[in-house]
*Asks:* 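Attaching a single structure in structure tokens format; questions to follow.
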2 protein chains.
Amino acid sequence: MTVRSRAKPVTILDVAKRAGVSAGTVSRVLNGANAPSETRRRVDAAVRDLGYVPNHAARSLKRQATEQIALAIPDVANPIYVQMATSIQRVAAERGYQLSLISTHNGATDERTVLRGLHRRQLDGMVLVSLRPGAALLEQIRDAADRLCLIGSYPDDLAVDAVRVDSAAGVHLAVGHLVDQGRRRLAMVNGTPGTVPAERRAAGFLDAFLARGLEVPSDRIVDGDFTTASGYRAVDDLLARAPDVDGVFCANDAMAIGVLRRLRERGRDVPNDVAVVGMDDIDMAAMTAPTLTSVSLRAEERGRLAADLLLERLNASEPIAPRIVNVLPNLVIRESSTRHTVLEAPDA
Amino acid sequence: MTVRSRAKPVTILDVAKRAGVSAGTVSRVLNGANAPSETRRRVDAAVRDLGYVPNHAARSLKRQATEQIALAIPDVANPIYVQMATSIQRVAAERGYQLSLISTHNGATDERTVLRGLHRRQLDGMVLVSLRPGAALLEQIRDAADRLCLIGSYPDDLAVDAVRVDSAAGVHLAVGHLVDQGRRRLAMVNGTPGTVPAERRAAGFLDAFLARGLEVPSDRIVDGDFTTASGYRAVDDLLARAPDVDGVFCANDAMAIGVLRRLRERGRDVPNDVAVVGMDDIDMAAMTAPTLTSVSLRAEERGRLAADLLLERLNASEPIAPRIVNVLPNLVIRESSTRHTVLEAPDA
DNA sequence: CTGTTAGCGCTTTCAG
DNA sequence: CTGAAAGCGCTAACAG
């Protein structure tokens with residue numbers, strides 16, 4: 001366990017010298033090549049005695065690969081991305097890759113910066129979640145297509161691996177459920193205007209009424225920004241605009257939690273006065289009071305699939321044509337949308 | 001914006017050739033050395049035309065530094081660590097470092113693995129949060145002392161930079177508040193047994209009674225594991241052991257949220273029947289129903305301080321003696337502990 | 001101010 | 001099976 005501190009790190013040459021072999025042999029032994037047990041023993045001993053640890057930069061430089069991948073997400077504070085991170089991390093670890101997390105701060109980080117690690121060859125590959133892919137980012141994505149997997153919706157002609165979920169279908173599930181519960185005066189708290197998910201979800205919301213031949217509540221969508229605080233604030237807007245509201249669909253659970261809280265402060269009982277349905281089905285949804293009905297977008301599964309696609313591509317000997325995987329949402333019904341409150345056990 | 005894909009990446013030599021200068025000059029220009037504007041212009045042009053991006057491995061190998069640091073935390077799903085990560089990330093970015101996140105899965109990850117990036121020189125430094133530093137880890141910490149900053153409590157003779165918070169004092173605040181509210185039959189939901197924070201908090205809990213000359217409720221501490229689900233489960237234990245409980249201190253907010261939920265399911269009104277106080281003051285504490293009184297351990301501040309210590313050390317020209325910074329907790333009173341419920345605005 | 005040169009530590013031919 | 005040698009792409013003396 002002797003590790004040099006500031007001094008000079010021990011190199012493969014030191015090990016070679018001590019083991020009485022060449023650096024090449026040490027390298028081979030360490031990388032699992034066949035070797036006589038005697039050679040192997042001496043190398044191992046030298047490694048242990050000296051506390052040798054291979055230098056990552058040197059190895060990467062030579063091999064042109066770092067065994068590092070990254071997940072770029074809009075916001076570390078959003079549990080849904082943490083869920084993705086967890087499943088990606090698991091897959092990565094299984095295949096000998098290290099995962100690091102990059103937060104793009106909802107797109108505030110310069111788009112160039114996001115893919116920088118990739119271009120510097122500091123990263124072998126990346127799973128990218130962008131809320132609002134602009135032209136510049138798309139250009140960069142194209143250039144790095146062979147080392148990327150996207151999660152989310154991008155132009156069809158992009159020719160990059162992607163995992164998608166039909167969030168509009170998820171919204172239909174939510175609206176259908178609210179209507180089934182007898183709610184007719186519905187409203188929506190949407191996410192950040194101008195982002196793809198917010199646009200899809202709003203479109204899905206309106207479309208769900210159209211599909212049912214109901215009056216379309218186009219003026220009953222208020223904007224939030226996907227954070228809990230924004231959901232909290234949105235309620236005042238909402239009640240000003242639609243005081244008779246009896247059902248609210250929120251574009252994610254984080255906002256739904258803020259909505260729940262503020263509705264309570266404003267004296268509206270959930271679910272008796274107003275039903276609330278969220279989206280994402282985060283763990284916390286089973287813990288709020290009342291527990292939160294939510295559309296699961298299967299974040300964990302999407303993470304796993306994205307990691308599979310990416311690592312398969314990185315390790316392929318020949319070029320692979322771009323693939324798109326689709327995932328289906330499902331509705332998890334809890335207390336916040338059902339008039340007769342029934343307590344239930346937590347998910348986890 | 002022309003970036004080569006799989007082919008062969010552009011090197012500094014390609015740039016040099018195109019700019020009609022030497023590689024050394026390109027390197028200097030790119031690293032901000034003085035140069036005649038004409039030289040600078042031609043280099044910049046060549047870089048742009050070729051889409052050159054410096055190779056990180058090569059630079060790291062030569063410079064013996066990666067400009068990368070990491071934060072190792074027990075659990076990405078715990079918001080308190082995400083808070084730390086956010087402030088560390090900010091400091092790191094300001095000083096030109098990239099931060100990556102390593103989850104140790106509550107110590108399940110082999111301790112060697114945690115510091116591996118450091119030993120491989122893949123990381124210049126690390127901020128480490130360990131719940132349960134064992135002998136092997138302490139040994140490793142000592143060896144890497146010049147590139148580490150710890151957050152948490154470690155043996156005093158460790159001679160490593162550390163940021164600490166007096167969590168026992170925080171528990172005293174919580175107990176004092178509960179007693180002031182007239183609660184006498186107190187209990188505690190503790191975190192993972194055997195971890196330093198859990199032990200400190202339990203000790204602080206008992207000590208708070210001793211200090212007040214009250215009867216010490218040693219048999220009223222039930223164990224959780226710092227997760228929301230464990231807080232939920234702990235309530236059944238608690239009510240079996242202490243059916244008359246009128247106040248609960250939880251060793252963190254995640255558990256407190258589970259406790260709130262389960263108490264409600266078991267028909268106990270919070271705060272009227274039972275007061276609940278958590279610890280960490282996560283953002284969600286202002287959003288639960290009722291909102292959660294909590295002891296802030298100033299995670300963001302600790303993160304910032306740790307990052308400052310670490311980066312100062314990494315950039316020091318001479319050895320710096322180890323430093324320990326202490327942070328004081330404070331109590332944030334909300335609805336869950338005060339009988340007359342008053343609604344309040346959210347923190348964020 | 002700039003070109004040349006010598007490595008950083010490792011892997012990988014290529015011979016033997 | 002192993003040693004020798006070349007070189008991954010970059011930076012930092014060192015001369016000029």
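Chain letters run A, B, ... following the sequence lines, proteins first and then strands; every chain starts at 1. What you see is a predicted model; the values in this text were computed from it and never measured.
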*Asks:* Could you work out, with side-chain contact (heavy atoms from CB on, under 4.5 Å) as the rule, every residue matching A:Glu301, not counting sequence neighbours?
*Replies:*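 Here the qualifying residues are A:Arg298, A:Arg304, A:Leu305, A:Val327.
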
*Asks:* Which residue lies toward the 5' end of DNA chain D, B:Arg28 or B:Leu61, if each is placed at its nearest nucleotide?
*Replies:*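 Closer to the 5' end of DNA chain D: B:Leu61.
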
*Asks:* Taking five pairs at each end of the helix from C:dC1-D:dG16 to C:dG16-D:dC1, what angle separates the two helix axes (nearest 10°)?
*Replies:*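 Terminal axis comparison yields 40°.
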
*Asks:* Between B:Gln98 and B:Ile69, is any pair of side-chain heavy atoms under 4.5 Å apart?
*Replies:*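 Side-chain contact under 4.5 Å: no.
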
*Asks:* Counting only non-hydrogen atoms, which of residues 14-23 of chain B are less than 4.0 Å from DNA chain C?
*Replies:*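 The stretch gives B:Val21, B:Ser22 as the residues lying under 4.0 Å from the strand, ordered by number.
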
*Asks:* Side-chain polar contacts of residues 155-162 of chain B - donor-acceptor pairs under 3.5 angstrom, sequence neighbours left out - could you list them?
*Replies:*
| residue | atom | partner | partner atom | Å |
| --- | --- | --- | --- | --- |
| B:Asp156 | OD1 | B:Arg164 | NH1 | 3.3 |
| B:Asp156 | OD1 | B:Arg164 | NH2 | 3.0 |
| B:Asp161 | OD1 | B:Arg313 | NH2 | 2.8 |
| B:Asp161 | OD1 | B:Arg323 | N | 2.7 |
| B:Asp161 | OD1 | B:Arg323 | NE | 3.4 |
| B:Asp161 | OD2 | B:Arg313 | NE | 2.8 |
| B:Asp161 | OD2 | B:Arg313 | NH2 | 3.2 |
| B:Asp161 | OD2 | B:Arg323 | NH2 | 2.7 |

*Asks:* For A:Arg121 and B:Asn55, indicate whether the former's side chain and the latter's backbone hold a donor-acceptor pair under 3.5 Å.
*Replies:*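 Not a single qualifying donor-acceptor pair exists.
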
*Asks:* What salt bridge (charged side-chain N to carboxylate O under 4.0 Å, His left out) pairs are there with at least one residue in residues 85-107 of chain A, not counting sequence neighbours?
*Replies:*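 For residues 85-107 of chain A, and leaving out neighbouring residues, the salt bridge (charged side-chain N to carboxylate O under 4.0 Å, His left out) pairs sorted by first residue read A:Arg90-A:Glu300, A:Arg95-A:Asp308.
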
*Asks:* Take B:Gln122 and B:Arg116, measure what side chain to side chain contact (heavy atoms under 4.5 Å, CB included) needs, and give me the verdict at the end.
*Replies:* CA-CA 8 Å; B:Gln122 188 176 358; B:Arg116 196 179 45 184; over 6 Å; no

*Asks:* For B:Arg59, give me all partners under side-chain contact (heavy atoms from CB on, under 4.5 Å), at least two apart in sequence or on another chain.
*Replies:*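 Partners of B:Arg59 by the side-chain contact (heavy atoms from CB on, under 4.5 Å) criterion, ordered by chain and then number, come out as B:Asn31, B:Arg63, B:Glu67.
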
*Asks:* How long is the gap from OG1 on A:Thr86 to CG on B:Asp75, to the nearest 0.5 Å?
*Replies:*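 Rounded to the nearest 0.5 Å, the OG1-CG separation comes to 8.0 Å.
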
*Asks:* Output yes when a side-chain donor or acceptor of B:Tyr154 lies under 3.5 Å from a complementary backbone atom of B:Ser130, and no otherwise.
*Replies:*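 Between the backbone of B:Ser130 and the side chain of B:Tyr154 there is a qualifying donor-acceptor contact (under 3.5 Å).
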
*Asks:* What distance do A:Leu148 atom CG and A:Leu115 atom CG have between them, rounded to the nearest 0.5 Å?
*Replies:*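 Nearest 0.5 Å value for the CG-CG distance: 6.0 Å.
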
*Asks:* Heavy atoms only, 4.0 Å cut-off, all strands: where does A:Thr25 land among base, sugar-phosphate and nothing?
*Replies:*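 Sugar-phosphate: the residue A:Thr25, judged by heavy atoms under 4.0 Å, touches backbone atoms but no base.
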
*Asks:* Heavy atom of residues 29-40 of chain B under 4.0 Å from DNA chain C: which residues?
*Replies:*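 Contacting residues: B:Ala35, B:Pro36, B:Thr39.
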
*Asks:* Earliest and latest nucleotide of DNA chain D, 5' to 3', sitting under 4.0 Å from a non-hydrogen atom of chain A?
*Replies:*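 Result: D:dC1 to D:dG9.
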
*Asks:* Going 5' to 3' along DNA chain C, between which two nucleotides do contacts with chain B fall, using a heavy-atom cut-off of 4.0 Å?
*Replies:*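 The contacted stretch runs from C:dC1 to C:dG9.
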
*Asks:* To the closest 0.5 Å, what do you measure between CZ (A:Arg302) and CG (A:Asn326)?
*Replies:*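 So the gap between those two atoms works out to 11.0 Å.
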
*Asks:* Hey, does A:Tyr97 have a side-chain heavy atom less than 4.5 Å from the side chain of A:Asn315?
*Replies:*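 Of all side-chain heavy-atom pairs linking A:Tyr97 with A:Asn315, at least one is under 4.5 Å.
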
*Asks:* Restricting to side chain to side chain donor-acceptor pair (under 3.5 Å), what partner residues turn up for A:Thr195, sequence neighbours left out?
*Replies:*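 Partners of A:Thr195 by the side chain to side chain donor-acceptor pair (under 3.5 Å) criterion come out as none, since no residue qualifies.
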
*Asks:* Under the side-chain contact (heavy atoms from CB on, under 4.5 Å) rule, collect the residues that match up with B:Ala307, sequence neighbours excluded.
*Replies:*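 side-chain contact (heavy atoms from CB on, under 4.5 Å) check on B:Ala307 returns B:Ile88, B:Val91.
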
*Asks:* Please name all residues satisfying side-chain contact (heavy atoms from CB on, under 4.5 Å) with A:Thr66, sequence neighbours left out, ordered by chain then number.
*Replies:*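 With neighbours one apart ignored, the set is A:His56, A:Ser60, A:Gln68, A:Asp124.
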
